[in-house]
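See structure below.
Given the structure is predicted, the values throughout are model-derived calculations rather than measurements.
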There are 2 protein chains.
Amino acid sequence: MGKQSEKATTSVKRLLRSMGKRITPQRMALLRIIEEQEGHLDADEIHRLAREENPRLSLSTVYRTLNLFKELGLVEELHLAEEHHHYEGVGSGEHHHLICLGCGKVIEFECSFTDELRQELAKQHDFEITRSRVDLMGYCAECRKGR
Amino acid sequence: MGKQSEKATTSVKRLLRSMGKRITPQRMALLRIIEEQEGHLDADEIHRLAREENPRLSLSTVYRTLNLFKELGLVEELHLAEEHHHYEGVGSGEHHHLICLGCGKVIEFECSFTDELRQELAKQHDFEITRSRVDLMGYCAECRKGR
DNA sequence: ATGGCTGCAAAAGTTTTGCACTTCT
DNA sequence: AGAAGTGCAAAACTTTTGCAGCCAT
């Protein structure tokens, strides 16, 4: 994992450079935070984490950087059951979510199962599909007990 | 369709009454707007439409009503590629979205194809799955041309 | 009649922007 | 050196809330 994220960082640097974007400590710090966290973070949480090592890093920079990363396809803006925007890295392959409406727990899963569907729909509507998201909502075992 | 939405309205009235909620012209107007629009509306668009017939209907009421409807399971808050919250009625069966990242166009589609997946995951994670959402993102034919 | 609902205005919260200063390249 | 990026503060937006009056029940 250490090796891998190092590699990811390197390729992001290449990507930034190739787009005429600069490599700044702020961007690298934010990238690392997003990559490290497996889960989903909102802008404020990312800001809080970033400040632990660089207290002057501003929330504006977090937003600007997230928008940049979004444009570059490095993060995906998620909107789950909760309120704010959430971001997660897209480096580690597509994965989907199982969301408990009771306690808010989010379980991630992968499935190649959607490939067939993608092809079908791409053909049917003349779409080039670049990303997919599958969210399943319901109640986990624990929350079902408490009812 | 006319008949059907009339029936829907009636059953919503029952639901409201059974929850000790009042049936007000504002609520009925908002319900109708949401049911009529096939697509997805954000609070502001709903407000604009509502004002066409009742100019005094306030945005607060729109929000309060949407939250009420959400609690009652009458609408679902969606979060697509765009910015704000979007709401759509849940009366007309589950359907999913094909979203163009270029122009924002949203095509809805239905598929029973997810059933298998639902069962698989329900078993695997001991979840009771009540709702699912599948969003596929990409570029439509037109937007692909312009690049 | 009376408690819930609404409209209005103000507050709270989130995201964006203008500008002077700093820092990558 | 020069342009892009940053921090700070203010603005723009979206959503929620307090309160006085109104209206379904």
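- Contact annotation: B:Tyr63 side-chain N/O to D:dT15 OP1/OP2 distance is under 4.0 Å.
- To the nearest 0.5 Å, atom OG1 of residue A:Thr61 and atom CZ of residue A:Arg27 are 9.0 Å apart.
- Taking only side-chain atoms of B:Ser58, from C-beta outward, the nucleotide of C:dG7, D:dA3, D:dT25 with the closest atom is C:dG7.
- Counted within 6.0 Å of CE on A:Met19, heavy atoms from surrounding residues, nucleotides or ligands total 12 or fewer; the atom is thus considered open.
- Note that CG of B:Leu57 and CD1 of B:Ile33 are 8.0 Å apart. Values are rounded to the nearest 0.5 Å.
- Summarising the geometry, the separation between CZ on B:Phe69 and P on C:dC5 is reported as 11 Å, rounded to the nearest angstrom.
- Taking atom CG on B:Leu16 and atom P on D:dC23, their separation rounds to 19 Å, with Å as the unit.
- Taking only side-chain nitrogens and oxygens, B:Asn67 never comes nearer than 4.0 Å to OP1 or OP2 of D:dT15.
- Here the OG1 atom belonging to A:Thr65 is positioned 10.0 Å from the CG atom belonging to A:Leu31, to the nearest 0.5 angstrom.
- Side-chain atoms of B:Glu71 never come within 3.5 Å of backbone atoms of B:Leu68 as a donor-acceptor pair (strictly under, hydrogens ignored).
- In this model, no side-chain donor or acceptor of B:Thr61 finds a partner on the base of C:dC5 within 3.5 Å.
- In this entry the distance linking CG of B:Leu68 with C1' of C:dG4 reads 12 Å, nearest Å.
- The residue among B:Ser60 and B:Gln26 whose nearest nucleotide of DNA chain D lies closer to the 5′ end is B:Ser60.
- Look at CD on A:Glu71: it is 11 Å from P on C:dT16, rounded to the nearest Å.
- Atoms CG (A:Leu59) and P (D:dG7) sit 11 Å apart, rounded to a whole Å.
- B:Ile23 places its CD1 atom 14 Å from the C1' atom of D:dC23, with the value rounded to the nearest Å.
- At the heavy-atom level, B:Arg27 lies under 4.0 Å from the strands shown only through sugar-phosphate atoms.
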Where do B:Arg32 and B:Thr9 land on the side-chain contact (heavy atoms from CB on, under 4.5 Å) test, with the steps shown first?
-> CA-CA 8 Å; B:Arg32 192 168 37 63; B:Thr9 302; over 6 Å; no
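- B:Leu57 comes within 4.0 angstrom of sugar-phosphate atoms only, judged by non-hydrogen atoms across all strands, and of no base.
- The distance from atom CD of A:Gln26 to atom CG of A:Leu30, rounded to the nearest 0.5 Å, is 8.0 Å.
- Rounded to an integer number of Å, the gap from CD of B:Glu45 to P of D:dT14 is 11 Å.
- With hydrogens and angles ignored, no donor-acceptor pair under 3.5 angstrom links the side chain of A:Arg64 to the base of D:dG5.
- Within a heavy-atom distance below 4.0 Å of DNA chain C, no residue of residues 47-55 of chain B is found.
- Taking 3.5 Å as the limit, the base of D:dG7 and the side chain of A:Arg56 contain no donor-acceptor pair of atoms between them.
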